[in-house]
Amino acid sequence: SMIGEVRQPGSYTASSLATVFNMLYAAGGPNRSGSWRSIQIIRGDSVAVEFDLYDLIVHANQKDNVRVMDNDIIRIRPYLNRIRLNGEVKRPGMYELKDGETLSDLMEFAGGFAENAYKDRIVIRRKTNIERSLSDVKWPEGGDIELRNGDEIEITPIVDRYKNRVRVEGAVYRPGDFELTEGMTLSDLFEKAEG
């Protein structure tokens, strides 16, 4: 049986080789408020296994993806801590974190930074009991910050400008952008542009 925060709760018939993941797939997975991190397999009167879908999806760890048995109950609890990750990461979106998990854990779940990520200012917006707060952290120094339910993380892109570029346009053979090196003269630039 599938109970709790699942898209299609109810009783299911499964083969003797079916695993927890197979049953979750058949039932449509956790619903909007369901946990991906705390899925309980109840056998008899106790929780036999607690399954974490992130372990399977992110780390390919099948240790807790056990075979289901007759009369097992799979219970999906409400989500634990939901964090929003926006900006220059490979997989932006909503993530569920367990208590004590950090910005480093979140970045691992998101597949890491995108190629244009500015890592010297990661913005963490947090709701306190009374108001909102904002923190700026650097990577990797801020990686051990524990995240809380409702946190919003923003990874901004690097500035779209060059520190060593010069552009030649007009009546030259090779117009375009060139590297500006120390001590470079105008005649050196025209030589690069082939006159």
Let me check something: do [X] and [Y] share a hydrophobic cluster, defined by ILVMFWY side-chain heavy atoms less than 4.5 Å apart, either directly or through other members?
| X | Y | answer |
| --- | --- | --- |
| V58 | I39 | yes |
| Y118 | V89 | no |
| Y12 | V20 | yes |
| V123 | L103 | no |
| L24 | V66 | yes |

Original post:
Are S38 and E50 linked by a side-chain donor-acceptor pair shorter than 3.5 Å?
Top reply: yes

Original post:
Do any N or O atoms from the side chain of N61 and from the backbone of L56 form a donor-acceptor pair under 3.5 angstrom?
Top reply: no

**OP:** Would you confirm whether S35, through its side chain, and L80, through its main-chain N or O, come within 3.5 Å as a donor-acceptor pair?
**Re:** no

Subject >> R174: partners by salt bridge (charged side-chain N to carboxylate O under 4.0 Å, His left out), with sequence neighbours left out >> reply: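 R174 satisfies salt bridge (charged side-chain N to carboxylate O under 4.0 Å, His left out) with E194 only.
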
**OP:** Give me the other members of the hydrophobic cluster that Y25 sits in, counting Ile, Leu, Val, Met, Phe, Trp and Tyr linked by side-chain heavy atoms under 4.5 Å, directly or via other members.
**Re:** none

Original post:
Apart from V168 itself, which Ile, Leu, Val, Met, Phe, Trp or Tyr residues share its cluster (side-chain heavy atoms under 4.5 Å, direct or through members)?
Top reply: V166, V172, F178, L180, M184, L186, L189, F190

Residues forming a side chain to side chain donor-acceptor pair (under 3.5 Å) with [X], sequence neighbours excluded:
| X | answer |
| --- | --- |
| S11 | S1 |
| R7 | none |
| T181 | none |

**OP:** Return each pair, listed once, that meets salt bridge (Lys or Arg N to Asp or Glu O under 4.0 Å) where at least one residue sits in residues 28-37; pairs must be two or more places apart or across chains.
**Re:**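 Residue pairs passing salt bridge (Lys or Arg N to Asp or Glu O under 4.0 Å), neighbours aside: R37-D52, R37-E101.
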
Original post:
Which residue pairs pass the salt bridge (Lys or Arg N to Asp or Glu O under 4.0 Å) test when at least one of the two sits in residues 55-78, sequence neighbours left out?
Top reply: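 Qualifying pairs, neighbours excluded: R43-D72.
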
Testing the basics here: between [X] and [Y], what is the closest heavy-atom pair and its distance to 0.1 Å?
| X | Y | answer |
| --- | --- | --- |
| D188 | G183 | OD2-O, 4.1 Å |
| A14 | M23 | CB-SD, 3.5 Å |
| G111 | R91 | N-NH2, 3.5 Å |
| E5 | S33 | OE1-OG, 2.8 Å |
| I158 | A117 | CG2-O, 3.6 Å |

First locate atom [atom1] of [X], then atom [atom2] of [Y], and finally report the distance between them rounded to the nearest 0.5 Å.
| X | Y | atom1 | atom2 | result |
| --- | --- | --- | --- | --- |
| I74 | I41 | CD1 | CD1 | 6.0 Å |
| D105 | I145 | CG | CD1 | 12.5 Å |
| Q40 | I3 | CD | CD1 | 9.0 Å |
| N116 | I155 | CG | CD1 | 13.0 Å |
| I57 | F21 | CD1 | CZ | 6.5 Å |
| M2 | I73 | CE | CD1 | 11.5 Å |

Indicate yes or no: at least one non-hydrogen side-chain atom of [X] is less than 4.5 angstrom from one of [Y].
| X | Y | answer |
| --- | --- | --- |
| L97 | L106 | yes |
| L147 | R126 | yes |
| R82 | N149 | yes |

Original post:
What pairs of residues pass the ring pair (Phe, Tyr, Trp, His ring centres under 6.0 Å) test when at least one of them lies in residues 134-153, not counting sequence neighbours?
Top reply: F113-W139

Original post:
Does any pair with a residue in residues 64-97 pass ring pair (Phe, Tyr, Trp, His ring centres under 6.0 Å), and if so which ones, sequence neighbours excluded?
Top reply: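 Output for this query is empty, none listed.
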
Original post:
Could you walk me through whether I124 and I153 pass the side-chain contact (heavy atoms from CB on, under 4.5 Å) check?
Top reply: CA-CA 5 Å; I124 301 175; I153 317 298; 3.7 Å; yes

Please list, one pair per line, the donor and acceptor atoms closer than 3.5 Å that link side chains of residues 129-138 to other protein atoms, with sequence neighbours excluded.
residue, atom, partner, partner atom, Å
D136, OD1, R121, NE, 3.3
D136, OD1, R121, NH2, 3.4
D136, OD2, R121, NE, 3.2

Original post:
By ring pair (Phe, Tyr, Trp, His ring centres under 6.0 Å), which residues pair with Y54, not counting sequence neighbours?
Top reply: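 Checked Y54 against ring pair (Phe, Tyr, Trp, His ring centres under 6.0 Å); matches are F109.
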
